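Step one of this worksheet: look at the structure below.
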There are 2 protein chains.
Amino acid sequence: MITQRPLEAFLNDLASGAPTPGGGSAAAVIGAMGAALLSMVCNVTIGKKGHEAVESDMKAVRDESERLRARLTAMVADDIAAFDGLMAAYRLPKSNEEEKSRRAEAIQINLRAATETPLACARACAAVVALSRRAAEKGFAGVVSDAGVGVLAANSALRSAALNVYINAPALKDRAYAAAAMAEIEQLLDRCARESEAVFELVRGRLG
Amino acid sequence: MITQRPLEAFLNDLASGAPTPGGGSAAAVIGAMGAALLSMVCNVTIGKKGHEAVESDMKAVRDESERLRARLTAMVADDIAAFDGLMAAYRLPKSNEEEKSRRAEAIQINLRAATETPLACARACAAVVALSRRAAEKGFAGVVSDAGVGVLAANSALRSAALNVYINAPALKDRAYAAAAMAEIEQLLDRCARESEAVFELVRGRLG
């Protein structure tokens with residue numbers, strides 16, 4: 001399992017000329033790091049003297065950030081599977097009409113998965129961005145910068161995942177699905193660009 | 001060694017209520033991932049048919065991105081050491097004047113390290129951002145999105161590292177050094193905000 005690789009080995013894999021892991025897996029890892037940092041802010045705040053009033057809220061944020069972290073961690077491997085599936089489809093034989101038609105169908109099925117996978121990653125990253133305000137506002141001031149790092153990580157992971165939607169959606173024959181995927185990505189990007197900057201400024205303001 | 005931890009264990013450490021690893025280590029990892037993705041673009045492009053003209057340039061970019069990746073990977077542990085050093089200084093006894101003075105001195109020494117460490121991380125991330133344009137312009141089109149993910153990662157890591165400079169520089173008694181550190185960070189942030197967006201747009205343009 002790729003997420004069982006030591007961090008340095010994962011970085012070596014990323015840097016190598018092998019097609020996977022690539023930017024899609026990196027986006028999932030960075031999104032998972034963003035979620036983990038929100039969990040950290042909550043974990044430090046829960047039980048801290050003077051923070052009793054926000055405890056139940058911090059527990060609710062942590063439940064959600066841990067759920068998102070688990071999902072994003074699983075997406076590191078999902079991205080590799082989607083990429084490998086698409087490459088395998090492109091490599092199918094095309095020496096006669098029947099093979100060509102079977103190959104074209106396999107490409108479409110795998111293109112859809114290779115669009116859906118980064119779209120799901122983008123949605124999870126957007127959920128991390130949306131969650132970050134509560135951690136940044138109510139978390140213990142001593143770790144508020146970690147909420148700032150978390151929201152930056154999540155937003156850059158969202159933008160990274162979007163690139164893979166841009167790559168794969170245009171080749172989809174199901175134009176209605178492709179248009180819906182592109183429209184959803186634009187909406188997520190737009191909302192999260194504004195919210196992540198607002199939360200980052202909130203964090204800077206709380207630093208002193 | 002922290003970077004020998006499996007990726008999932010590192011994410012667990014990040015999410016826990018333990019003070020380290022925190023946002024500073026996360027910034028170094030994300031910066032290292034950015035550098036690794038530039039290396040990947042170069043590694044895929046080097047030796048690829050039709051890309052002979054850019055080969056020496058891709059080798060030069062890769063040499064530099066691998067150097068930066070090694071430096072950023074080492075900074076994951078540096079950040080923990082700087083944080084632990086500062087916490088240890090704050091915990092020194094202060095029951096008499098001599099102890100107070102020794103403690104104050106230790107705090108200043110460790111605050112300086114806790115400012116210098118994220119500043120060095122920010123510099124390395126800025127160097128990754130500066131390097132990304134060549135990978136995005138000259139890299140094989142099939143992996144250009146990885147250069148886009150790389151530049152986003154490096155810029156968000158730079159902004160993340162900046163937060164730790166903001167936290168520690170204000171408490172430094174050496175005001176000249178603190179002002180120089182803050183001025184340098186602002187300059188890096190400003191330059192890289194513009195350049196990372198320009199490279200991201202360049203990547204989007206090359207996608208289709």
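In the text below, chain A, chain B and the rest are named by the order of the sequence lines, each starting its count at 1. Quantities reported herein were computed from a predicted structural model and do not represent experimental measurements.
Using non-hydrogen atoms only and a strict 4.5 Å limit, the part of residues 22-48 of chain A facing chain B consists of A:G22, A:G23, A:A26, A:V29, A:I30, A:A32, A:M33, A:A36, A:L37, A:S39, A:M40, A:N43, A:V44.
A 6.0 Å sphere centred on CD of B:Q187 holds no more than 12 heavy atoms belonging to other residues, nucleotides or ligands.
In terms of heavy-atom pairs under 4.5 Å with chain A, the best-connected choice from B:R62, B:R204, B:M1 is B:R204. Of the listed residues (A:G142, A:S16, A:A15, A:G17), the greatest number of heavy-atom pairs within a distance under 4.5 Å of chain B belongs to A:A15. The residue among B:I2, B:D146, B:L11 with the most heavy atom pairs within less than 4.5 Å of chain A is B:L11. Among B:I167, B:V143, B:D13, B:V76, the residue making the largest number of heavy-atom pairs under 4.5 Å with chain A is B:I167.
Residue contact with chain A, scored on non-hydrogen atoms closer than 4.5 Å, involves the backbone of B:P21 exclusively. With a 4.5 Å cut-off on non-hydrogen atoms, B:S145 touches chain A through its backbone and its side chain both.
Taking every heavy atom of both residues into account, B:E8 and A:R69 meet most closely at O-NH1, 4.5 Å.
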Please tabulate, for the side chains in residues 147-165 of chain B, all donor-acceptor contacts under 3.5 angstrom to protein atoms that are two or more places apart in sequence or on a different chain.
residue	atom	partner	partner atom	Å
B:N155	ND2	B:S196	OG	3.3
B:S156	OG	A:S156	OG	3.2
B:S156	OG	B:L152	O	3.2
B:S156	OG	B:A153	O	3.2
B:R159	NH1	A:E197	OE2	2.9
B:R159	NH2	A:E197	OE1	2.8
B:S160	OG	B:S156	O	2.8

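Between the OH atom in A:Y166 and the CG atom in B:L207 there is a gap of 9.0 Å [rounded to 0.5 Å].
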